[in-house]
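Please read the structure below before turning to the comments.
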Amino acid sequence: PDRSFSGRRALVTGAGKGIGRAAALALSGAGAQVIALSRTQADLESLEREGTGIETLCVDLGDWDATEAALSKVDAIDLLVNNAAVAVLQPFLEVTKEAFDSSFNVNLRAVFHVSQIISRQMIARGVQGAIVNISSQASQRALRDHAVYCSTKSALDMLTKVMALELGPHKIRVNSVNPTVVMTEMGQINWSEPQKAAAMISRIPLGKFAEVDDVVNSILFLLSDKSAMTTGVSLPVDGGFLVS
Ligand code: NDP
C-alpha cells in the first residue's frame, strides 16, 4: 500500500461528508495522521469508526471565535485541505443577506482564518507545508442561481494566488482544485433534476460529472512532493468544462 504521507499531519475541513470525508480517509490510508473537522458530531463519530486513528474536531466554521478556540487544540499540521463549503442557490434578484453572509463566512472567511492559524504554526516549526483549497468550476464560469456561490469560489481562487505569493518564501505551497459537479449530498441537492444535469453534462467534453475519487486524487497530488514546484494554481477536475 501507498504510505507516502507517513509522518505527516493533515487537517481536513468539512470532513464529515462527501469529498472531505473521502480525502480524510485517503490521507489516513496513505499514512498521514488526520484531523477531521466538521460540524455534525454523528458524521465525525462514524468517520472515527471507519478510519484507523483519525482524530476529529466538531466546530462550525461560520463561527470565528469557536473556530479559533477549536484550532488552539491543534498543532504540528503539515498539510491543510480547506474543503468545507455551502452552496445556497438563489436567483440574483432574490439573494438574501443571510445567504450572502453565511456563505462567505464558511466558503471564504473560514479559509482565511484557518489558513492563517495553521500557516503561522508551519512557519514557527519551519516545515514545508502544503495547502489545498477546494474551489469549483463555478469560480470561472457564471452559473444560474449561483451568484453567491460563484463569488465565494472566484474570491477563493484569487486568495489561493495571494497566499501562494506570500507563503512561498516560507516554503508553504498553496493550490486549489476546481471540480465540476460531483454527486455528493451537495451535488445531489443542486443537480438531481435530470434536465438541469443533462444541460451541464452537454457542456463537459468528457460527457460526465466527476467522481469523488477524481477530486481526491488531485488533492493528494497537490499535497504531495510530486507537485513540489507547483504553487498558486487552480487545477480543474472538470472533464474539460472550462475549455468548452
Ligand atoms: P457536502 O455538502 O457533501 O459536504 C460538505 C462538508 O462540509 C460536510 O461534512 C459539511 O458538514 C461540512 N461543512 C459545511 N459547512 C460547514 C461549517 N460551517 N463548519 C464545518 N463544516 C462544514 O459537499 P461536497 O463534498 O460536495 O463539497 C466539498 C467541497 O467541494 C466544497 O468546497 C464544494 O464547494 C466543492 N465542490 C463541490 C462540487 C459538487 O458538485 N459536489 C463541485 C465543485 C466543488 P454538515 O453536513 O454537517 O454541514
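All residue numbers refer to positions in the sequence shown, counting from 1. The model shown is predicted, which means the values in this text are computed figures rather than measured ones. Counting starts at 1 for both ligands and their atoms, in listed order.
No hydrogens or angles considered: a donor-acceptor pair under 3.5 Å links the side chains of N178 and S139. In this model, a donor atom of one side chain and an acceptor atom of the other lie less than 3.5 Å apart for S4 and D2.
Listed by chain and residue number, the protein contacts of ligand 1 are G14, G16, K17, G18, I19, S38, R39, T40, V59, D60, L61, G62, N83, A84, A85, V86, V106, I134, S135, S136, Y149, K153, P179, T180, V181, V182, T184, E185, M186, G187 (heavy atom within 4.0 angstrom).
The side-chain hydrogen bond (donor to acceptor under 3.5 Å, both in side chains) check on N217 picks up nothing, with sequence neighbours excluded. By the side-chain hydrogen bond (donor to acceptor under 3.5 Å, both in side chains) test, N83 is found to be paired with no residue, residues two or more places apart in sequence or in another chain being considered.
Remark: E211 CD is loosely packed, at most 12 non-hydrogen atoms of other residues, nucleotides or ligands lying under 6.0 Å away.
Applying the salt bridge (charged side-chain N to carboxylate O under 4.0 Å, His left out) rule to pairs touching residues 118-129 yields D78-R125, sequence neighbours excluded.
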